[in-house]
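Below: one structure, written as structure tokens.
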Amino acid sequence: MECAPSLGLPTEQALTTETDLQTDATPDVDMMTVPIEEPKTFAELGVLPATVQALAADGIITAFPIQELTLPLALAGNDLIGQAKTGTGKTLGFGIPALQRLIAPVDEGFDEQDDKIRGKPQALIVVPTRELGIQVASDLEKAGRFRGVRVLCVYGGRAYEPQMEALQKGIEVVVGTPGRLIDLARQGHLSLKHVKTLVLDEADEMLDMGFLPDVERIVALVPPVRQTMLFSATMPGQIVALARRYMTQPTHIRAINPNDDSTLVDAIEQHVWRAHSMDKQEVIARILQADGRGLTIIFCRTKRNAQRVSDDLVDRGFAAASVHGDLGQGAREQALRAFRNGKVDVLVATDVAARGIDVADVTHVINWECPEDEKTYLHRIGRTGRAGNSGVAVTLVDWDDLHRWKMIAQALGLPFDEPLETYSNSPHIYAGLNIPVGTKGRLPKASQKRAGLDAEVIEDLGETGASAGRRPRAGDKHSDKNGHDKHKRDERPRGEKAEKSHGDRHSGDKHATDQGADDQAERAPREPRDRQRRRTRSGSPAEAGAETGTSTSTSTATSAVATAVDGTGPGGHDSAEPGEGDAPRRRRRRGGRGRGRGAGEVADDGAEGSGGDSAAGDGAE
């Protein structure tokens, strides 16, 4: 079978208290199971009325299991480690306690604070990716809006000035990536001396990305007396070591079934197929026409594949956009806004978005190829089936990646380690995903109802550099057929490129030089010049030579070589001796670039045909 069997949703959650992370900790507490008969409301859990009202305005009334287990301990000020399956509400699990511990502008005592303290960050949330930071900041801003909590998200790709101005005006909560946080702190714009709550979100991802030294530098800037919370979907040994160093007797809370070793959400229907790379576009085009399909995310391993798949889907009539590292931050945020607003319903992304997209209506996740490991697979398909909803995950495995998929299936305990061989006309595609029979690989005109990416305005973020928010498109005069920016690949001046190309090619290969000239003209055509070119010899006009060159314009390559060997010019003069009153003439080797002579043709200045004049003029330029 290609579908994972339904394991059933757990009816009880596990609360594990791990106080052995500190050497002076109390003895271990045995695992306790806490039956959850009916979810509690946030008001029953002791959340401030203003926060409860803000959450209710967004339709959030009751708490998820991870929130119900963490809030009592976190609101009491205890350090904790939260572990739950992806998409189960970890953000509010640490966001609500962080908001509750700070003094907001509308709270009593805010104006009585010292001027050195008022407006300084009181909560710091460190995230591994830009997209995740934007999502976390948005959730916290909504939860604290009735108290006037000011939330700032800082990350690379944006200009420094707006972030510095916001910090000067006053901020209560800062959400950011490690690099930009360190930059602002080093420049003196970000003060972390008054932080009461420190949160490390998706800590395992930060360790995988090599952010551990940066995290240690950030922790050193925060007061030692604080509340520290660490949240992640997986808990490797490095996380435990990190908690041992920076946390005080943390409580480890796992909102999972004690007998459930899987880290996958049971509501996700999984399909794993072995597909040919030449047929994947047809397979995906049919999946995107399944009945009941909502927003869809397609994950690719490389940036080039992400852009290529997106461009192909647009050509097939789908409203698609891409998010990858070659795009500027403005273009990436434009695609994410269009995806959230429903202007595009297909988002093609690399793993940069695997932990930063939290959209409630994502129904399908498609892996273009086999993920690198089980953690990547876990976080990719975790973009669907969030907040109690169901979802569908489809993974297309190449023949070369079968061994990698077997390792992933074994690590996650999946029952299908042998993917089913699948083609675009395989019957189980239509039956398994509820695709109408007869569906083809192109979206009909009648079904093309989305506004598309161009309907979303791109925001000017003050970016610098070649990408600077620009999104290359296929067919753009500045991009190649795959939509990649050619100016970004090679931004040298035209003269430098021509000289380098001329030097790299053998001067005797006329075919290669003509092809190089054609390629150069195709990449950047220029307007023809109407100026008259004049040949000079030692600073004086060479009119006689020009006339001679005109009269011999029909000479062949054979006569030119013979002339060079005999040493006589067309006019009967010895080419090795200067004419009467003329300056000595140079012997030039023709050939190479452009419209000149072929290989091995050697002639005197002004003594050959008009074709030689044109080639010499190009070379002089």
Side-chain angles (χ1 to χ4, degrees), residues 9-19 29 31-104 106-109 122-123 125 135-136 138-149 151 172-173 196-197 199 201 227-231 233 249-258 260 265-267 358 360 386-389:
L9 293 175
T11 58
E12 57 184 16
Q13 309 298 325
L15 172 59
T16 305
T17 304
E18 296 186 358
T19 56
V29 177
M31 178 179 295
M32 298 178 297
T33 58
V34 182
I36 299 179
E37 300 177 355
E38 185 178 353
K40 294 183 179 180
T41 64
F42 287 101
E44 295 174 346
L45 294 172
V47 180
L48 291 177
T51 305
V52 174
Q53 182 181 0
L55 295 175
D58 294 330
I60 304 175
I61 306 297
T62 58
F64 286 103
I66 184 64
Q67 299 165 358
E68 185 172 341
L69 295 175
T70 57
L71 285 179
L73 295 172
L75 292 176
N78 297 323
D79 289 2
L80 58 87
I81 301 173
Q83 182 180 0
K85 297 181 180 181
T86 183
T88 55
K90 294 190 296 293
T91 301
L92 290 180
F94 63 77
I96 292 177
L99 294 175
Q100 195 139 326
R101 287 175 58 87
L102 59 84
I103 303 177
V106 300
D107 295 342
E108 295 182 3
Q122 304 176 50
I125 293 92
Q135 184 64 46
V136 171
S138 175
D139 292 343
L140 296 184
E141 190 172 6
K142 293 178 181 178
R145 62 182 181 270
F146 290 158
R147 296 174 58 202
V149 178
V151 182
E172 280 71 49
V173 181
K196 302 176 183 177
T197 304
V199 179
D201 192 16
Q227 180 185 20
T228 305
M229 291 182 285
L230 190 150
F231 279 76
Q249 295 186 345
T251 302
H252 186 179
I253 299 176
R254 294 186 297 169
I256 57 176
N257 191 326
D260 183 12
V265 177
D266 301 317
D358 186 9
R386 302 179 71 85
N389 297 324

Residue pairs passing the salt bridge (Lys or Arg N to Asp or Glu O under 4.0 Å) test where at least one lies in residues 92-104, sequence neighbours excluded: none
Euclidean distance, [Y] [atom2] relative to [X] [atom1], rounded to 0.5 Å:
X: Asn78; Y: Thr228; atom1: CG; atom2: OG1; value: 11.5 Å
X: Phe231; Y: Ile81; atom1: CZ; atom2: CD1; value: 10.0 Å
X: Ile253; Y: Leu73; atom1: CD1; atom2: CG; value: 4.5 Å
X: Glu44; Y: Glu68; atom1: CD; atom2: CD; value: 9.0 Å
X: Leu230; Y: Asp79; atom1: CG; atom2: CG; value: 10.0 Å
X: Thr91; Y: Gln135; atom1: OG1; atom2: CD; value: 7.0 Å

Candidate list Leu99, Ile66, Ile125, Thr70, test side chain to side chain contact (heavy atoms under 4.5 Å, CB included), partner Phe94, passing option: Ile125
Residue pair Phe42, Leu71: steps toward the side chain to side chain contact (heavy atoms under 4.5 Å, CB included) verdict: CA-CA 9 Å; Phe42 287 101; Leu71 285 179; 3.9 Å; yes
Side chain to side chain contact (heavy atoms under 4.5 Å, CB included) assessment of Gln100 paired with Leu75: CA-CA 7 Å; Gln100 195 139 326; Leu75 292 176; 3.8 Å; yes
Pairing residues for [X] by the side chain to side chain contact (heavy atoms under 4.5 Å, CB included) criterion, not counting sequence neighbours:
X: Ala74; result: Leu80, Pro97, Gln227, Met229
X: Thr62; result: Pro39, Thr41
X: Gln122; result: Leu102, Ile103, Glu172, Lys196

Criterion side chain to side chain contact (heavy atoms under 4.5 Å, CB included) on Thr197 and Val173, from CA distance to verdict: CA-CA 9 Å; Thr197 304; Val173 181; over 6 Å; no
Verdict with supporting geometry, Val149 and Leu140, side chain to side chain contact (heavy atoms under 4.5 Å, CB included): CA-CA 9 Å; Val149 178; Leu140 296 184; over 6 Å; no
Side-chain donor-acceptor contacts of residues 45-59 below 3.5 Å, not counting sequence neighbours, with atom names and distances?
from, atom 1, to, atom 2, distance (Å)
Asp58, OD2, Arg145, NH1, 3.4

Those residues that, when tested against Phe146, pass ring pair (Phe, Tyr, Trp, His ring centres under 6.0 Å) (two or more places apart): none
Sidechain-backbone polar pair: Gln67 side chain, Phe64 backbone, donor-acceptor under 3.5 Å: yes
